[in-house]
Amino acid sequence: MDGIHDLGGKQGFGTVKQQRDFIAFETSWEARMWALSFFVGSPDLTTDRFRHLIELLDPVDYLTHNYFDKWYFSIVTDMVESGIFSDEELKSGRASVSAPPPASLSLAGVLETVRGYSRSAKREIDDAPIYSVGQIVRTQKYGISGHTRLPAYARNRQGDVIAYHGSHVLPDTNVNNVEAPQHLYTIRFAAQELWGPDAAQNDFINIDAWESYLVRA
Amino acid sequence: MDGIHDLGGKQGFGTVKQQRDFIAFETSWEARMWALSFFVGSPDLTTDRFRHLIELLDPVDYLTHNYFDKWYFSIVTDMVESGIFSDEELKSGRASVSAPPPASLSLAGVLETVRGYSRSAKREIDDAPIYSVGQIVRTQKYGISGHTRLPAYARNRQGDVIAYHGSHVLPDTNVNNVEAPQHLYTIRFAAQELWGPDAAQNDFINIDAWESYLVRA
Amino acid sequence: MPIHDSKSAAETHLHLHSHLPSDPALRVKALESLAIERGIVTTETLDNWVEAYREHIGPRRGAEVIGKAWADQDFHARLMENAAEAIKELGHEGQATGDLKAVENTDKVHNLVVCTLCSCYPFGILGISPPWYRSAAYRARAVREPRAVLLEFGVNIADDVEVRVWDSTAELRYLVVPQRPKGTDGFSEEMLSKLVTRNSMIGTDRDLRAGEV
Amino acid sequence: MPIHDSKSAAETHLHLHSHLPSDPALRVKALESLAIERGIVTTETLDNWVEAYREHIGPRRGAEVIGKAWADQDFHARLMENAAEAIKELGHEGQATGDLKAVENTDKVHNLVVCTLCSCYPFGILGISPPWYRSAAYRARAVREPRAVLLEFGVNIADDVEVRVWDSTAELRYLVVPQRPKGTDGFSEEMLSKLVTRNSMIGTDRDLRAGEV
């Protein structure tokens with residue numbers, strides 16, 4: 001989707017505002033939202049659906065909302081779309097039906113749970129990879145209207161394969177909870193190939209690209 | 001400049017909100033701003049500098065400001081950059097130096113003046129045009145960091161020349177008050193060339209392109 | 001000529017945004033006072049300027065051009081050949097009509113005008129552009145999914161009709177010449193011009209009707 | 001599996017935006033109450049979750065990994081080979097570290113990590129990302145003018161040093177291994193880890209100093 005989220009290479013955003021003493025959260029609601037995000041969400045809310053729901057925010061909301069507020073809207077939109085929460089419940093904070101509380105996690109339990117989140121997106125598939133490290137390839141000329149992870153700036157450009165990572169869950173389908181894994185490569189582009197002759201000669205930009213994002217050079 | 005203004009083909013903006021009974025201005029300040037725009041502005045404020053100053057608005061301001069408010073900021077930024085107005089004057093509305101009023105224009109005078117605005121951007125140049133109607137051409141692969149009028153969606157694409165318009169003032173230089181006219185062509189692109197095979201087969205998008213925006217196919 | 005610095009201008013924008021009132025009505029009022037005190041313009045001139053665009057320079061001008069083109073074959077030929085010159089015959093030349101091109105709808109062709117990079121519009125002949133024309137949604141979508149946009153305007157383009165989108169990237173402005181409605185034989189130029197809508201001259205309206213007089 | 005409709009989701013966003021309070025603190029508070037009443041989670045669990053990321057899961061984890069890599073050649077080799085496995089030796093695996101790749105700075109190479117499409121970040125090893133990392137300016141500019149961005153962070157990259165930008169488009173996350181500062185011979189892993197800044201593991205810091213212990 002050629003959405004507002006596809007920011008790579010866009011001009012006019014000014015300088016990067018740095019935070020010197022940033023620890024973890026700027027406000028307490030951000031901390032609560034972070035924690036809630038691990039629990040609230042429909043069974044269909046894959047990472048990719050979560051991301052796509054953020055991409056579907058109104059462009060001005062996308063640019064102005066706090067990071068964790070985008071998480072809020074992604075998650076509640078998922079819950080409303082899935083029919084699990086109603087807008088009335090979200091407004092009031094009062095459940096239309098209640099359920100008994102689950103067991104609580106201790107701090108140690110949380111730390112153990114978080115360790116368990118170290119899950120790879122790698123999946124075994126039968127097909128052999130088409131491309132190999134060292135090969136020159138091109139990226140697809142056209143974008144895809146739904147969720148996809150080939151940035152617009154890296155479309156229709158030539159680069160070389162610098163790494164092969166096995167096959168990984170494909171975001172384009174995982175947005176609908178279908179893993180359909182494909183071979184994943186790291187593609188290196190010279191900055192001059194992306195931005196033209198004025199770019200530094202020894203700048204390189206690397207992206208990770210699934211096999212269907214590539215064509216033969 | 002790959003700025004927020006380059007909206008062609010962007011997704012996520014939703015439906016077009018129509019206005020049924022729109023006459024000329026929605027509020028009276030918009031009407032005043034429209035009129036003021038014909039008088040306030042430095043000698044360097046070409047149409048292209050006016051446009052570029054709008055492009056340089058903060059992206060969120062660009063998307064949220066009323067059309068005539070963008071005109072306001074373009075014009076006052078020009079006046080402040082040119083040293084003619086100060087921010088203090090703009091805030092207070094009080095001039096640091098005053099001058100006697102010019103002669104007023106009657107309604108008939110205004111209508112006559114507006115008729116005089118019918119000025120062509122066409123200029124004579126010696127060089128012959130490189131391309132001709134019917135020829136297949138490509139647009140440039142890379143954008144330009146300053147003001148330019150080749151939309152990103154039409155970069156690095158193939159089309160055919162369907163009209164030649166003589167040579168016209170070049171926006172890329174006219175932003176700095178240098179006309180440097182070039183031959184101007186209308187280039188027709190098949191929608192499928194711009195957006196891929198899912199686009200309608202009989203949709204065509206035409207842009208006007210200066211000679212330096214084109215390369216041989 | 002000075003080479004203006006884009007970075008400095010962007011910073012001036014930010015500076016002015018943080019120093020001036022957020023209400024545009026207040027800012028424009030102050031700008032008007034300042035321009036008057038500086039001897040740049042008078043209130044009377046501004047009043048007349050507004051009056052000109054409120055009452056005289058608007059889509060009726062374009063409609064008169066279209067009505068004449070429908071009624072007068074020779075004028076039609078001159079309009080299609082050089083619209084900037086042809087509209088002078090009605091005294092309708094003005095702002096942003098110095099390079100004007102007329103594009104004509106047929107049974108098999110529909111034309112749609114947009115400006116994706118800003119909101120270029122032939123003010124002198126159509127007046128102030130409607131807000132939808134300047135909206136991000138219209139500018140973004142008209143070149144990518146013109147048929148879907150047209151459908152939102154109630155215009156259903158048959159599959160076998162070609163859509164031509166004109167993105168006004170140069171100073172050339174485009175005027176759509178809609179099809180003359182059926183049942184208008186013998187109508188005068190004036191009667192014909194009353195059938196022409198603003199949107200039909202931009203391309204977001206297509207099938208005009210005699211009954212709308 | 002249902003095929004979710006993007007248009008419907010965009011409309012739900014707009015609907016919720018117009019129906020819910022604008023203050024995110026209020027909305028998140030309501031969401032928490034709702035989740036608790038629905039039996040989805042308890043307050044105590046949420047408290048502990050926040051505590052975990054406030055006090056335990058943060059850039060010190062990454063710094064420990066780097067300190068160990070500097071001090072222990074074998075660990076360094078394992079980290080460069082498969083960072084996701086290597087960090088488990090310190091028990092530092094966690095969210096978004098399941099596919100982790102370490103990229104190393106040298107005298108002639110500088111690495112910089114960004115996620116242009118969202119704000120992917122190896123939370124389990126670096127904690128919550130700093131706001132600048134998620135900003136539109138950083139995401140837009142890191143791939144286009146990395147040297148200019150680095151200069152704003154006080155990092156001046158010599159012309160003969162290659163800049164490698166890693167745009168995290170897949171689930172792979174990147175961890176920059178900065179250069180070990182001079183004058184740190186004989187430092188323990190712990191002493192070394194204290195020299196490592198968060199930004200140096202993202203790439204917006206380069207020259208670490210022994211004196212910063």
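The figures that follow rest on heavy atoms only: side chains count, while hydrogens, waters and symmetry mates do not. On a predicted model such as this, the values are computed, not experimentally measured, just so you know.
With hydrogens and angles ignored, the 3.5 Å screen pairs a side-chain donor or acceptor of B:Trp195 with a backbone N or O of C:Val143. Between the side chain of C:Thr169 and the backbone N or O of B:Leu150, no donor-acceptor pair lies under 3.5 Å. Between the side chain of C:Glu152 and the main chain of B:Val16, a donor-acceptor pair closer than 3.5 Å is present.
B:Val76 touches chain C through backbone and side chain together, each having a heavy atom under 4.5 Å away. For chain C, no part of B:Ser145 is nearby; none of its heavy atoms comes within less than 4.5 Å. Of the atoms belonging to C:Ala84, not a single heavy atom falls under 4.5 Å from chain B.
Contact check for C:Trp49 versus B:Leu36: no side-chain heavy atoms found under the 4.5 Å cut-off. The shortest side-chain heavy-atom distance between C:Glu93 and B:Tyr117 does not fall under the 4.5 Å cut-off. C:Pro131 has its side chain within reach of B:Phe22: a pair of non-hydrogen atoms, C-beta onward, lies under 4.5 Å apart.
Heavy-atom proximity under 4.5 angstrom to chain B picks out C:Thr12, C:His13, C:Leu14, C:His15, C:Leu16, C:His17, C:His19, C:Leu20 from residues 12-21 of chain C. Among the residues in residues 98-110 of chain C, those with a non-hydrogen atom closer than 4.5 angstrom to a non-hydrogen atom of chain B are C:Gly98, C:Asp99, C:Lys101.
Atom CG in B:Asn206 sits 10.5 Å away from atom OG in C:Ser168 (nearest 0.5 Å).
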Could you walk me through whether C:Glu145 and B:Lys10 pass the salt bridge (charged side-chain N to carboxylate O under 4.0 Å, His left out) test, one step at a time? CA-CA 11 Å; C:Glu145 40 174 6; B:Lys10 294 297 185 292; over 6 Å; no

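With salt bridges taken as basic N to acidic carboxylate O contacts below 4.0 Å, none links C:Glu171 and B:Lys122. Between C:Arg27 and B:Asp69 there is a salt bridge, with a side-chain nitrogen of the basic residue lying less than 4.0 Å from a carboxylate oxygen of the acidic one.
For C:Arg164 and B:Phe204, the positive end is not near the middle of the six-membered ring at less than 6.0 Å and at most 45° from its axis.
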